[in-house]
2 protein chains.
Amino acid sequence: MNVTAFNRRKEFGKTLASDITHRMRNEIVTCRLKPGEMLKFDTLRLSYGASFSTLREALTCLAAEGLVVAEEQRGFKVAPISLADLIDLTHARILIEVDLIRRSIENGNDDWEIGVISSIHRLGMIEGRAAEDYADNPDWKVAHREFHESLVGACGSPTLLGIRQSLFERAERYRNISARLRPRPRDKAGEHRALMKATVGRDADRARELIARHIQSTTDNVIKYASDLIGDG
Amino acid sequence: MNVTAFNRRKEFGKTLASDITHRMRNEIVTCRLKPGEMLKFDTLRLSYGASFSTLREALTCLAAEGLVVAEEQRGFKVAPISLADLIDLTHARILIEVDLIRRSIENGNDDWEIGVISSIHRLGMIEGRAAEDYADNPDWKVAHREFHESLVGACGSPTLLGIRQSLFERAERYRNISARLRPRPRDKAGEHRALMKATVGRDADRARELIARHIQSTTDNVIKYASDLIGDG
DNA sequence: AGCGATAGTATTTTCGAAAATATGGTTGAA
DNA sequence: TTCAACCATATTTTCGAAAATACTATCGCT
């Protein structure tokens with residue numbers, strides 16, 4: 001069978017557009033595409049080897065997630081970061097996550113509980129191997145995301161789960177900034193274990209308290225050390 | 001100046017794609033495009049007079065809002081409706097709206113208070129004119145939306161406001177269904193007045209209680225009278 | 001100099017054809 | 001009859017050129 005221009009590797013999704021969406025999302029949350037940077041089609045066409053329409057579709061997707069902002073007739077740019085945005089985002093995340101973890105604890109069955117246990121175990125294995133600096137280890141990031149997803153996995157609310165996921169992605173850039181700023185490493189592993197224990201122990205009140213603090217603590221760190229680095233507008 | 005094929009009326013946004021997004025969103029929430037209906041490009045091209053790429057962008061937008069679902073390589077369809085979806089949606093809306101109205105009451109200044117008063121006044125004027133059946137009056141719908149937006153307008157949380165708006169749109173189809181099913185008209189005007197009074201009276205607890213009941217009541221009505229009409233999957 | 005008009009350039013937005021993929025039906029062998 | 005393989009058709013996805021719009025720099029006037 002012929003290999004044509006249309007035939008190419010599609011790592012993430014089935015369509016090229018969804019593949020590019022994934023790749024671009026990754027470059028935005030790792031700040032390889034800088035906050036506020038203009039996204040010109042000519043440049044993007046070179047970087048991603050796709051046409052206008054395909055890139056446009058990817059950008060539209062990311063704009064809906066809040067990682068990109070579209071100004072009509074004036075193109076797209078990477079969503080800027082700011083202290084105000086971080087605070088707003090954190091509030092939204094805590095509101096939703098607290099509700100979801102409570103309902104997950106109420107509804108969760110055996111399979112859910114096993115999922116929580118195994119995902120924290122996997123996370124621990126990666127942390128054990130990579131010793132200290134697992135902050136920008138991609139494997140750790142995946143395991144970390146999956147652990148948090150497992151906690152709320154039994155909430156039974158597709159709508160809020162989708163929103164939660166999108167907010168989690170938006171927070172990734174701030175997590176990266178926070179990790180770099182922090183003078184001494186944070187005991188994330190301990191927080192995760194406590195969270196896991198409260199959750200599988202069905203102690204909803206404690207789990208809610210812990211997850212709220214867990215989310216808030218990244219924000220507090222950025223506020224403490226970076227209030228001048230990123231504008232507050 | 002020449003009128004070419006590109007030159008055309010753009011009612012809502014600056015770009016054709018955003019215009020079509022608006023028009024299609026409207027046709028979906030009014031159920032002129034039926035829940036679950038396949039959206040084929042050839043058909044859409046005729047209806048909206050736009051090209052593949054442009055339609056694709058509009059559909060991508062609506063998919064992000066949850067009014068359309070995309071199945072990769074197999075096209076787009078209008079998001080189906082179901083009792084499960086309505087219940088899920090209602091839960092999410094109450095969680096968010098209750099938080100936003102509380103914070104709006106905390107933060108709201110004089111201008112905000114005036115906005116609430118004037119928007120309910122406008123709503124009352126329309127209700128007075130159209131007598132009984134203002135349920136599918138477009139003017140009433142706009143005024144109704146703007147009244148509810150005014151209540152939460154001072155919350156100071158762009159992220160949650162955006163999510164709220166998207167969920168409000170998604171609920172519109174169920175509101176329409178509910179209105180048709182209801183055996184006797186509901187005293188929405190009374191509910192709105194009570195909500196306004198509690199809000200400008202800065203009685204956060206009462207406002208939260210009232211808005212939660214207000215949202216829940218549409219859902220209860222659908223559950224009561226339409227549990228067989230729309231499947232529960 | 002200051003400033004609005006304007007021409008030229010850069011960039012985004014839209015289009016419709018062409019490629020890739022899915023769907024549906026038919027054939028032929030077990 | 002059943003079922004896999006295959007062709008024909010329907011549909012989606014992608015492309016790159018062309019149109020519309022925004023941006024920039026230059027010119028001419030006060």
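By convention in this document, chain letters (A, B, ...) are assigned in the order of the sequence lines, proteins followed by strands, and residues within each chain are numbered from 1. Since the structure is predicted, the reported quantities are computational estimates derived from the model, not experimental observations.
- Whole-Å rounding puts the B:Arg45 CZ to C:dC15 C1' distance at 9 Å.
- Put simply, CG on A:Leu39 is 13 Å from C1' on C:dT11, counting in whole angstrom units.
- Atom NZ of A:Lys40 is separated from atom P of D:dA22 by 16 Å (rounded to the nearest Å).
- A:Leu160 approaches A:Arg103 most closely through the heavy-atom pair CD1-NH2, 3.9 Å.
- Atom C1' of nucleotide D:dC15 and atom CZ of A:Phe52 are separated by 10 Å, given to the nearest angstrom.
- Taking atom CD1 of residue B:Ile20 and atom C1' of nucleotide C:dC15, one finds them 12 Å apart after rounding to whole Å.
- One interatomic measurement links the two molecules: CD of A:Glu71 to P of C:dT11, which rounds to 15 Å at whole-angstrom precision.
- Residue-to-nucleotide contacts include a donor-acceptor pair under 3.5 Å from the side chain of A:Ser53 to the base of C:dC15.
- Closest approach of B:Arg93 to B:Phe168, counting heavy atoms only: NH2-CD1, 3.6 Å.
- Looking at which nucleotide of DNA chain D each of A:Thr54 and B:Met38 is closest to, the 5′-most match is held by B:Met38.
- The CD-P distance, from A:Glu72 to D:dT21, rounds to 13 Å in whole Å.
- Taking CZ from A:Arg182 and CD1 from A:Ile177, the interatomic distance works out to 13.0 Å, rounded to the nearest 0.5 Å.
- For A:Ser51, the listed nucleotide lying nearest its side chain is D:dG16; candidates were D:dG16, D:dT12, C:dC15.
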Intermediate values then yes/no, salt bridge (charged side-chain N to carboxylate O under 4.0 Å, His left out), A:Lys141 and A:Glu172: CA-CA 10 Å; A:Lys141 289 198 168 176; A:Glu172 177 70 16; 2.9 Å; yes

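- Taking atom CZ of residue B:Phe76 and atom C1' of nucleotide C:dT21, one finds them 15 Å apart after rounding to whole Å.
- Put simply, A:Arg74 has no side-chain N or O that comes within less than 4.0 Å of OP1 or OP2 on D:dT21.
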